[in-house]
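Below is one structure, written out as structure tokens, with a few remarks after it.
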Number of protein chains: 2
Amino acid sequence: MTEIQSLARGLRILDILGESPNGVSVTELAEQLNLDKGSASRLVATLANYAYAEKDPVSRRYSLGPQVVTLSRSLLAKLPLRDVAKPFLRELMEKSGECSHVGILSQGRVLYIDQVESAASLRVNAEVGSLSPLHCTALGKAMLAFGRTPLPQKLERFTDNTLTSIDSLKKNLELVREQGYATDDEEFDLGVRCIAAPVFDYRDKVIGSIGISGPITRMTTKAMPHFAELVIKVSQALSEKMRFTAHRT
Amino acid sequence: MTEIQSLARGLRILDILGESPNGVSVTELAEQLNLDKGSASRLVATLANYAYAEKDPVSRRYSLGPQVVTLSRSLLAKLPLRDVAKPFLRELMEKSGECSHVGILSQGRVLYIDQVESAASLRVNAEVGSLSPLHCTALGKAMLAFGRTPLPQKLERFTDNTLTSIDSLKKNLELVREQGYATDDEEFDLGVRCIAAPVFDYRDKVIGSIGISGPITRMTTKAMPHFAELVIKVSQALSEKMRFTAHRT
DNA sequence: GACCTTGTTGCATATTACGCAATATAGTTG
DNA sequence: CAACTATATTGCGTAATATGCAACAAGGTC
């Protein structure tokens, strides 16, 4: 596989810009890429020319440009699941009172492609566009349990509840298949519980998952079965609708 | 200004991918860029290597990859206005019953950076991430009227109501300054009215605008003053809060 | 199973990006 | 306010790299 070097470098710069909250200077870029300052300067200037990066004239530091937002929107707008899921997300949110999400599998992680927030939803790190691990999220486990995705080998720990051994994960996925829904019981974010169920397409292939998340104060262990029933119902209705939708993601 | 050619070409490919709903073939890319098929193939393969593009194995057509979504999220998360505006958006939505938005100026257009949808909001093309013209949107006109942005010279027509002459726009902006809020009376989308007011930072510089949009059936001419009052109030409270926030966008 | 369309790869060449060093620009300190 | 430091940009020669062509491979169709 032949790679275009300077393009690859430009893309790595974008990655770096994305990870740097306060912008990046040309010298910092050059250091991180083991490049000459001059080369880094020219590369990032090119990115800025096309609005992929933006230069703060006063600090002369670069950050991401608006074009990435536009691209993201283009991508999300093209996902049929997103459109179809919208009313179901609303329904979920209204009936549960909690935040609802849809996600798809992407790069061995779960990509949140849409959400509907409840009136008093919390700030979780599960915003649209975030890529979260599969093994410690309800959306992720729902897809793992019903799909053909190989299990991740590295199970990073995020909280005390995170399942970090393959065996415990496998056992958990068995339960998910029996129950028809997956949970995340403070396995990723402390104080947050989630429930999710898979979404299938016309070939009964898992194409994503849908669910809700909320604080443990409202999503009590007692209330979980009730929430789960709701999520399952909605996920099945959504799958049904996806059957009659254009056959793409 | 020296531009890195192959990086620029890669970025143009991303632009094209964003505009193509059904993916793009290598030959189509080569045509659009006046490039050899081989070069186009290598460029887009590099993009795919870094998850900026994705290749459908069966159709062999390329589309945008998940990394652009992640980048977009990084950018939006870094905007202080977005965080601060969130509760105000909720308030606006709840009190008006309509969809609320915040936007900033970007590339001579208005970039919608967040929104809160009402229970029965319509599908507008003002989703998060969209770049809309300034002269025919309430958010845009609010920024034009109170900011130092030069007026756009080309006023594209979208509906019968679109203001397409500089004079009528200037006159309208005068009115905006007098009233303290801007409107979009079906000037961009048929059947949709919007109201917006500017948001200022600690230096009384316009950094964005906030507003609501809804169908003309609910946002009647009669109800507009009432909505406007609400929007102004919220925008002022938001500006107040932005005064005490980190001094960036 | 042969044909046609489309994508990928090998290779030689020339363009292009690179690194170095010099210049310019900001910010800082005496 | 001036000298100094740190950082960004630009000119230029060179060498590496991307390019275009053409051959090959892979899928789809008839």
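Each chain gets a letter, A, B and so on, in the order its sequence line appears, and its residues count up from 1. Here the structure is a predicted model, which means the values were calculated and not measured.
Here the side chain of B:R61 pairs a donor or acceptor atom with the backbone of B:G23 at under 3.5 angstrom.
Distance, B:D36 CG to C:dC11 C1': 13 Å, rounded to whole Å. Protein atom CD of A:E3 is 13 Å distant from nucleotide atom P of C:dT9, rounded to whole Å. Counting to the nearest Å, the P atom of C:dT25 and the CG atom of A:D56 are 18 Å from each other. Protein atom CG of B:L29 is 13 Å distant from nucleotide atom C1' of C:dT6, rounded to whole Å. If you measure from atom NZ of A:K37 to atom P of C:dA24, you get 18 Å, rounded to the nearest angstrom. Rounded to an integer number of Å, the gap from B:N49 CG to C:dT8 P is 11 Å. Atom-to-atom, CG of B:L43 to P of C:dA17 comes out at 11 Å; the value is rounded to the nearest Å. Following rounding to the nearest Å, A:L7 (CG) and C:dT16 (C1') show an atom-to-atom distance of 15 Å.
Phosphate contact (OP1/OP2 of D:dT7, side-chain N/O of A:S25, threshold under 4.0 Å): absent. Side-chain nitrogen and oxygen atoms of A:S39 include at least one within less than 4.0 Å of the OP1 or OP2 phosphate oxygen of C:dG19. Side-chain N/O atoms of B:T2 include none lying less than 4.0 angstrom from OP1 or OP2 on C:dA17. The phosphate of D:dT9 has OP1 or OP2 within less than 4.0 Å of a side-chain N or O from A:S41. Contact annotation: A:K55 side-chain N/O to D:dT9 OP1/OP2 distance is under 4.0 Å.
Residue B:S6 has its side chain nearest to D:dA18 when only D:dA18, C:dT8, D:dA8 are considered. Considering only side-chain atoms of B:Q5, the nucleotide from C:dT16, C:dG19, D:dA8 that sits closest is C:dT16. Minimum atom distance to the side chain of A:R60 is reached by D:dA8, of the listed D:dT19, C:dG7, D:dA8.
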message: Checking B:R42 against A:T2 for the side chain to side chain donor-acceptor pair (under 3.5 Å) test, could you report, in this order, the C-alpha distance in whole Å, the side-chain angles of both residues, the deciding distance, and whether it holds?
response: CA-CA 7 Å; B:R42 283 183 267 249; A:T2 318; 4.9 Å; no

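Crowding of B:R12 atom CZ: a count of heavy atoms from other residues, nucleotides or ligands under 6.0 Å not exceeding 12.
Residue order along DNA chain D, read from the 5' end via each residue's closest nucleotide, puts A:V26 first among A:V26 and B:R9. Taking the nucleotide of DNA chain D with the nearest heavy atom to each of A:Y62 and A:I4, the more 5' of the two is matched to A:Y62.
Judged by distance alone, with hydrogens and angles left aside, A:R42 brings a side-chain donor or acceptor within reach of the base of C:dG19, the pair sitting under 3.5 Å.
Of the N and O atoms on the side chains of A:T137 and A:S132, not one donor lies less than 3.5 Å from an acceptor on the other residue. If you check the side chains of A:D36 and A:S39, you find no donor sitting under 3.5 Å from an acceptor.
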